[in-house]
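A short write-up of the structure that comes next.
Please read these numbers as outputs of a predicted model, since none were measured by experiment. All ligand and atom numbering here is 1-based and tracks the order in the structure. For the numbers below, each heavy atom of this structure counts, side chains included, while hydrogens, waters and symmetry mates do not.
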Amino acid sequence: MNRTEGLQIKRGDKIVIVGGGFAGLQLIKKLQKQDVDILLIDKQNHHQFQPLFYQVASARLEPASISFPFRKLFQRKRNVDFMLADVFRIFPESKTILTDNGEVSYDHLVIASGCKTNFFGNREIQKYSLSMKTTHEAIAIRNRILLSIEKMAFVSEEERKALSNIVIVGAGATGVEMAGSFSELRSTVLPKDYPHLDFSHFNIMLLDGSPNTLNNMSEQARKKSREYLSERMGVEVRTNVIATTYDGNFMTLNTGEVIPTKTVIWAAGVTGNIMKGISEESIFRGRYIVDRFSRIQGYDAIYAIGDIAYMKTEKYPNGHPQVANVAINQGKKLAENMTASLRGKAPSAFEYQDKGSMATVGKHKAVVDLPFLKFHGPLAWFFWMFLHLMLILSVRNKLIVFINWAWSYITKDTSLRLIITNSREVEEEA
Ligand SMILES: Cc1cc2nc3c(=O)[nH]c(=O)nc-3n(C[C@H](O)[C@H](O)[C@H](O)COP(=O)(O)OP(=O)(O)OC[C@H]3O[C@@H](n4cnc5c(N)ncnc54)[C@H](O)[C@@H]3O)c2cc1C
């Protein structure tokens, strides 16, 4: 088929979407009224709102308030079905995919599988550190932090030191938000829960290989976020350093320094959830190379959208940033183009309108970069909260999150510090 032709979608076609993140869900939302059969396959049974994982990890929000079950979402949708399965391989010639629940056929396949944590090949760090790409991993961080504090009162001085050092590697938005949130936990919540413990030695370290925090944002946002963290919130920010090894007890830096720590959270990078079966030539830096209509290079009926897609444009010669807004817009655009194809019309090319970026560091402390305005402080913080509330699925979840935030704003506390793990895991943690 000539790549300049339309997408060749026909009435009644079966469109299989792998991944119900921001991109996959937006595609379904905009396509569900068309005369096509949609099957969403995801290895989780729920949509995850990743931007607020750090609030689950720091015991501010319950996972249920930022998750939404797919089957509930598709109730009463005649032509949308869901399958809980992990997709392993794609067979483009037979238009089938292999999952841990068997084989599935498709007329058109959309890969919206997002990213996983990138440990850059360092298996030791991967083995012993924690990451935050799923609800389960966010809960694991919460468990680890709360268990460490529970143990602090009963261990030797040396072990207490290792338990008191929380190291976050990667000072992008995730690392910055997590460091700020742990700092607030330390100053406002923990002293009330553990009046006999001294938290002055509870050290939160934020490391980054680049010279700045929030390296992808404006100079103003970089400076302000660093100032908030190190000068106002007592976070030890170290830039231009690289973590080289970690054995579960000691982390070594490229400077030769060794940090005793039982908790390392790796937020230093992501790489795509690539599935077997697509030619290596169509993959670049862990993402599928797509054209402006989201078709994977060399394949007519296979598309990629969101974090997993690598689309070069004049404005984005190195591909788009891996953020929610790009994923949402690519999902929307592909739905528009598929609908156009059903009506015999030509597709239009994707163009991303960057509306800006933001990060929150703590109460009344956030940074916002809009195309024509940059600001920080309480207004930025309220702006950040409002936009995130709007993005969360379902009115019920929005309300729960709002009530939780309002409660902790007023009381400087939360009541969500549950360690949810079985006794064997607790023993392993020890
Ligand atoms: C901790 C964290 C904080 C973030 N904060 C922000 C923020 O503040 N602002 C922002 O814009 N962006 C943020 N991001 C990035 C944003 O979440 C992503 O850009 C966005 O989720 C990408 O959407 P997506 O649909 O491409 O993929 P995802 O939302 O990651 O969804 C991928 C889906 O695919 C499923 N899947 C993966 N592999 C398979 C498989 N083999 N078989 C079946 N299913 C599979 C997954 O279970 C998942 O449901 C953050 C990311 C993280 C991890």
Side-chain angles (χ1 to χ4, degrees), residues 16-28 39-58 66-70 82-90 97-101 104 109-118 130-138 141 168 170 172-178 181 214 216-217 265-277 287-288 294 304-310 320-332 334 354-360 366-368 384-385 387-388 391-393:
V16 173
I17 300 165
V18 181
F22 288 101
L25 274 196
Q26 193 60 219
L27 172 64
I28 296 172
L39 173 67
L40 171 67
I41 306 182
D42 201 300
K43 57 184 173 185
Q44 314 277 350
N45 81 332
H46 56 275
H47 171 75
Q48 321 175 103
F49 191 81
Q50 297 175 19
L52 289 180
F53 273 167
Y54 82 94
Q55 297 216 351
V56 172
S58 53
I66 58 161
S67 316
F68 204 82
F70 293 121
F82 172 69
M83 179 178 179
L84 178 66
D86 197 340
V87 177
F88 299 139
R89 187 178 260 283
I90 301 161
I97 54 177
L98 182 65
T99 79
D100 60 352
N101 261 335
V104 176
L109 174 67
V110 182
I111 307 177
S113 53
C115 284
K116 59 185 177 197
T117 305
N118 191 354
L130 298 159
S131 53
M132 200 170 61
K133 273 303 282 178
T134 61
T135 314
H136 182 259
E137 289 175 343
I141 294 176
I168 301 164
T174 302
V176 163
E177 292 180 346
M178 207 161 11
S181 200
L214 298 181
N216 291 332
M217 291 187 71
I265 302 164
W266 191 258
V270 291
T271 183
N273 284 316
I274 292 285
M275 273 145 253
K276 289 184 180 141
R287 297 165 90 178
Y288 295 115
S294 296
I305 49 176
D307 278 5
I308 192 73
Y310 178 80
H320 294 89
Q322 287 162 299
V323 294
N325 207 26
V326 171
I328 290 169
N329 281 293
Q330 287 188 346
K332 209 183 275 183
L334 183 56
D354 188 0
K355 298 209 174 80
S357 50
M358 63 183 89
T360 183
V367 288
V368 174
W384 178 95
M385 282 199 294
L387 281 190
H388 279 72
L391 278 173
I392 293 173
L393 279 186

*Identify, for atom 40 (C) of ligand 1, the protein heavy atom at the shortest distance, and state residue, atom and that distance.*
Asp86 OD1, 3.5 Å
*With only distance considered, is Asp307 within less than 3.5 Å of ligand 1 through an N or O on each side?*
yes
*Which distance, rounded to the nearest 0.5 Å, do you find between the CG of Leu52 and the CD of Glu177?*
8.0 Å
*Checking side-chain contact (heavy atoms from CB on, under 4.5 Å) against His47, which of Leu25, Asp42, Ile392 comes through?*
Leu25
*Got the closest protein heavy atom to atom 49 (O) of ligand 1, with its distance?*
Asp42 OD2, 2.6 Å
*Between Ala85, Ala138, Gly172, which one has a non-hydrogen atom sitting closest to atom 43 (C) of ligand 1?*
Ala85
*Exam field: side chain Asn101 to backbone Leu84, donor-acceptor pair closer than 3.5 Å*: yes
*Test Ile111 against Ile90 for side chain to side chain contact (heavy atoms under 4.5 Å, CB included), laying out the working first.*
CA-CA 10 Å; Ile111 307 177; Ile90 301 161; 3.4 Å; yes
*Are Ile328 and Leu391 close enough, and set up right, to give a side chain to side chain contact (heavy atoms under 4.5 Å, CB included), and what steps lead you there?*
CA-CA 10 Å; Ile328 290 169; Leu391 278 173; 3.9 Å; yes
*When you look for heavy atoms under 4.0 Å from ligand 1, do you find them on the side chain of Val87, its backbone, both, or neither?*
both
_Protein heavy-atom partner closest to atom 37 (C) of ligand 1 - residue, atom, separation in Å_ = Ser113 O, 3.1 Å
*Go through ligand 1 atom by atom and flag the ones less than 4.0 Å from a non-hydrogen atom of Ala112.*
32 (C), 33 (C), 34 (O)
*Asn273 side-chain N/O to Ser113 backbone N/O, donor-acceptor pair under 3.5 Å*: yes
*Arg287 (side chain) donor-acceptor with Ala309 (main chain) under 3.5 angstrom*: yes
*Step by step, would you call Asp307 with Val270 a side chain to side chain contact (heavy atoms under 4.5 Å, CB included)?*
CA-CA 9 Å; Asp307 278 5; Val270 291; 5.6 Å; no
*Which one of Gly19, Gly114, Ala23 has a non-hydrogen atom at the shortest distance from atom 27 (O) of ligand 1?*
Gly114
_Polar proximity ligand 1 side, Phe22 side, N/O cut 3.5 Å exclusive_ = yes
*Short list, please: which atoms of ligand 1 are under 4.0 Å from a heavy atom of Gly306?*
26 (O)
*Once you round to the nearest 0.5 Å, how far does CD1 of Ile274 lie from NZ of Lys116?*
8.5 Å
_Geometry only, no angles: is Ala324 polar-contacting ligand 1 at N/O separations under 3.5 Å?_
yes
*Quick one: look at Met132 and ligand 1, take heavy-atom pairs under 4.0 Å, and tell me if it's side chain, backbone, both or neither.*
both
_Going by the rule side-chain contact (heavy atoms from CB on, under 4.5 Å), which residues pair with Gln50 if we only count those two or more places apart in sequence or in a different chain?_
Gln48, Phe53, Lys133
_For atom 31 (O) of ligand 1, what is the closest protein heavy atom, and at what distance to 0.1 Å?_
Gly21 CA, 3.2 Å
*State the atoms of ligand 1, each with its element, that fall below the 4.0 Å cut-off from a heavy-atom position in Asn273.*
37 (C), 38 (N)
_Ligand-residue contact atoms, ligand 1 with Thr174, heavy atoms, under 4.0 Å_ = 1 (C), 2 (C), 3 (C)
*asked:* Could you walk me through whether Thr135 and His46 satisfy the side chain to side chain contact (heavy atoms under 4.5 Å, CB included) test, starting with their C-alpha distance in whole Å, then the side-chain angles of each, then the deciding distance to 0.1 Å, before giving a yes or no?
replied: CA-CA 10 Å; Thr135 314; His46 56 275; 3.3 Å; yes
*Write out the residue and atom name of the closest protein heavy atom to atom 17 (O) of ligand 1, then the distance separating them to 0.1 Å.*
Gln50 OE1, 3.2 Å
*asked:* Return the closest protein heavy atom for atom 15 (C) of ligand 1 as residue, atom name and distance.
replied: Gln322 O, 3.8 Å
*Backbone, side chain, both or neither: what part of Ala327 comes under 4.0 angstrom of ligand 1, heavy atoms only?*
side chain
*Value rounded to 0.5 Å, distance of CG in Leu39 from CZ in Phe82*: 9.0 Å
*Distance to 0.1 Å, residue and atom name: give those for the protein heavy atom nearest to atom 44 (N) of ligand 1.*
Lys43 N, 3.2 Å
_Can you list everything that forms a ring pair (Phe, Tyr, Trp, His ring centres under 6.0 Å) with His388? Sequence neighbours excluded, please._
Trp384
*Hey, which atoms in ligand 1 end up nearer than 4.0 Å to a heavy atom of Gln44?*
47 (O)
*Contact between Ala173 and ligand 1, counting heavy atoms under 4.0 Å?*
no
*To which protein heavy atom is atom 4 (C) of ligand 1 closest, and what is the distance rounded to 0.1 Å?*
Pro51 CA, 3.6 Å
